[in-house]
Number of protein chains: 2
Amino acid sequence: MAGRTTAEPATRRRGNTRAEIQHAALSRFTDQGYDKTSLREIAEDLGITKAAVYYHFHSKDEILESLMGEAITRLDELVSWVHQQPPTREVRLELITRLSAAANDGLGDLMRCVQVNETALASMPDHVNLAHRYKHELWDAATPPDASVADRLRFRLAVMAVLLASKGMAELGGTAQERAAAALEVATELMP
Amino acid sequence: MAGRTTAEPATRRRGNTRAEIQHAALSRFTDQGYDKTSLREIAEDLGITKAAVYYHFHSKDEILESLMGEAITRLDELVSWVHQQPPTREVRLELITRLSAAANDGLGDLMRCVQVNETALASMPDHVNLAHRYKHELWDAATPPDASVADRLRFRLAVMAVLLASKGMAELGGTAQERAAAALEVATELMP
DNA sequence: GTCTATACGTGGATAGAC
DNA sequence: GTCTATCCACGTATAGAC
C-alpha cells in the first residue's frame with residue numbers, strides 16, 4: 001500500500017541523502033509502522049543500499065530520533081512560549097491557533113507518525129519520547145493546576161483535534177483544509 | 001516495565017490455558033505493543049513453552065485476532081442496534097451511554113490495545129481490522145449523511161473520549177471512574 | 001559516499017517424543 | 001496438552017573494497 005515513487009527519479013542529487021532518508025522513513029513509519037519498516041525498504045525507496053543508510057545514521061533508532069527531534073523542537077517553542085503566559089482562556093486559544101498553524105505546516109505529519117507508533121516510541125529514551133514530553137509539558141503548561149478532570153479532557157481533545165484533524169483523520173471526509181478549519185472551530189467551543 | 005506476576009501462582013489450572021494466553025497477550029500487547037511481544041514472553045508469563053502456545057493458537061496473529069473478535073462482537077451489537085434507530089441526537093446520546101458502559105466493562109482494555117497497535121492491526125485481514133470496522137460502521141451509523149465535517153469531528157471526539165478516557169488517558173489524573181464520568185459529560189456537550 | 005559480503009541474533013513456526 | 005529440539009527467514013549491524 002501507499003505507492004512509493006519507485007526510486008525517486010529526478011529528486012536524487014548528492015548532498016541531501018540524509019534528508020531523503022528522513023523523508024522516506026517518515027512516510028514508511030507512518031504507513032506501515034516503525035517495527036514493520038526495514039532499513040532495506042528505506043534504502044530501496046532511494047535506490048541505495050542498507051549500508052549507505054548506515055553511513056548517514058548509526059542505527060534505525062537514530063532515524064526515528066532525528067524525526068522526533070524535529071517535532072520536539074517545534075513543540076518546545078510553543079511550550080516555552082506558553083510557560084511565560086498566564087493560564088487564561090485567551091492564551092489557550094492562541095496556543096490552539098499556533099498549534100493548528102504548525103500542524104498544517106509539517107508538524108501534522110510528524111504527529112501522525114507519533115500517534116501511529118506509540119509503542120515504538122514508548123521504548124525509546126525519554127529525551128526523544130514525544131508522548132511523554134507533549135503529554136506532560138504541553139498539556140500541563142496551559143492547564144491550571146486546579147483544573148477539573150473534565151476540563152483537562154476538554155483541553156486534551158482540543159489539542160488532539162487540531163494536531164490530527166488535517167493529516168490523521170482523513171475518514172472524516174472533506175479536504176485537509178476543511179478538516180483543519182473544523183478542528184479549530186470545535187477546539188474553540190471545547191476549550192475551557 | 002509493567003511487572004507481570006511472574007509465572008501465575010495459583011491461577012493455573014488445566015482447561016483455561018487458552019483464556020490465560022489471551023489475557024497475558026492482551027496485557028503484553030497493550031504495554032509493549034504487538035510487534036515487540038514475542039510468543040516466548042507470553043509463554044513464560046504462564047510458565048509454559050512456545051510450543052504449548054501453538055497448540056492453542058495456530059499463529060501469533062490468531063491470538064490478536066481472537067482478541068479483536070471479542071471487541072468486534074461487542075461493537076457489532078451496538079452498531080446493529082444503532083442501525084435500526086433514526087439518526088437523532090437522542091439516539092447518539094444513548095449510544096454514548098452504552099459505549100461508556102461497555103468501555104468500563106471490558107471493552108475499554110481492548111480499545112486501548114487497538115489504539116496502541118494501530119499499525120499492527122492495519123496489516124491484518126479486513127474482518128479483524130477494528131480500525132476499519134468501527135471507523136466506518138460505528139461512526140457512519142449514527143451520523144446523518146449530510147452532516148458537516150465539524151459535526152463528524154464532534155461525534156468522533158465524543159466516541160473517542162468515552163472509549164478511551166477510563167483506560168487510555170491515565171495522564172488526566174483522577175480515578176478511572178472520575179475519568180469515565182468526565183468523558184460522558186464532555187461527550188454530551190460535544191454531541192451534535 | 002556507496003557498494004558487496006557477511007556475521008549475528010531473534011522470533012515465528014514445525015516435528016516428534018512423552 | 002505440554003515438552004525439547006530444530007529449522008528457517010529476516011532484520012540489524014559491521015568490515016572492508018571501490
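Naming: A, B, ... by sequence-line order, numbering from 1 per chain. Since the model is a prediction, treat every value here as computed from it, not as a measurement.
Evaluation of the salt bridge (charged side-chain N to carboxylate O under 4.0 Å, His left out) rule for Asp126(B) yields no partner, not counting sequence neighbours. Residues meeting the salt bridge (charged side-chain N to carboxylate O under 4.0 Å, His left out) test with Arg152(A), sequence neighbours left out: none.
The separation between Lys36(B) atom NZ and dT12(D) atom P is 11 Å, rounded to whole Å. Atoms CD1 (Ile48(A)) and P (dC18(D)) sit 21 Å apart, rounded to a whole Å. Remark: P of dG12(C) and CZ of Phe57(B) are 15 Å apart, rounded to the nearest angstrom. The nearest whole Å value for the distance from the CG atom in Asn16(B) to the C1' atom in dG1(D) is 13 Å. Between the CD atom of Glu44(B) and the P atom of dT2(D) there is a distance of 16 Å, given to the nearest Å. The CD1-P distance, from Ile63(A) to dG11(D), rounds to 14 Å in whole Å. Computed from coordinates, the Glu62(A) CD to dT12(D) P distance equals 14 Å when rounded to whole Å. Here the C1' atom of nucleotide dG11(D) and the CG atom of Asp35(B) are 13 Å apart, to the nearest Å.
Each end of the helix from dG1(C)-dC18(D) to dC18(C)-dG1(D) gets its own axis, taken as the rotation carrying the C1' atoms of four end pairs onto the next four within a five-pair window, and the two axes meet at 0° to the nearest 10 degrees.
Nearest heavy-atom pair across Glu65(A) and Pro125(A) is OE2-CG, 4.1 Å.
The residue from Asp61(A), Asn117(A), Thr119(A) that alone fulfils the side-chain hydrogen bond (donor to acceptor under 3.5 Å, both in side chains) condition with Tyr34(A) is Asp61(A).
Although no hydrogens or angles enter the test, the distance criterion places a donor-acceptor pair under 3.5 Å between the side chain of Glu41(B) and the main chain of Ser38(B). Between the side chain of Arg179(B) and the backbone N or O of Leu172(B) there is no donor-acceptor pair closer than 3.5 Å. Although no hydrogens or angles enter the test, the distance criterion places a donor-acceptor pair under 3.5 Å between the side chain of Lys60(A) and the main chain of Thr37(A). Counting only distance, with no hydrogens or angles, the side chain of Arg92(B) and the backbone of Pro87(B) share a donor-acceptor pair below 3.5 Å.
Residues Glu77(B) and Arg98(B) are not paired through a salt bridge, judged by the lack of any N-O separation under 4.0 Å between the basic side chain and the carboxylate. Arg154(A) has a carboxylate O that lies under 4.0 Å from a charged side-chain N of Asp151(A), or vice versa, which qualifies the two as a salt bridge.
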Could you write out each protein N or O paired with an N or O of nucleotides 13-17 of chain D at a distance under 3.5 Å?
unit_1  : atom_1 : unit_2   : atom_2 : d
dA13(D) : OP2    : Tyr54(A) : OH     : 2.9
dA13(D) : OP2    : Lys60(A) : N      : 3.1
dA13(D) : O5'    : Tyr54(A) : OH     : 3.4
dA13(D) : N6     : Lys50(A) : NZ     : 3.1

Sort me out a list of protein N/O and nucleotides 8-10 of chain C N/O pairs below 3.5 Å, or just none if empty.
none

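Contact check, Tyr55(A) against dT2(C): no side-chain N or O comes under 4.0 Å of OP1 or OP2.
Counting any heavy atom pair closer than 4.0 Å across all strands shown, Thr49(B) reaches a base atom.
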Side-chain donor-acceptor pairs under 3.5 Å in residues 47-55 of chain B, sequence neighbours left out?
none

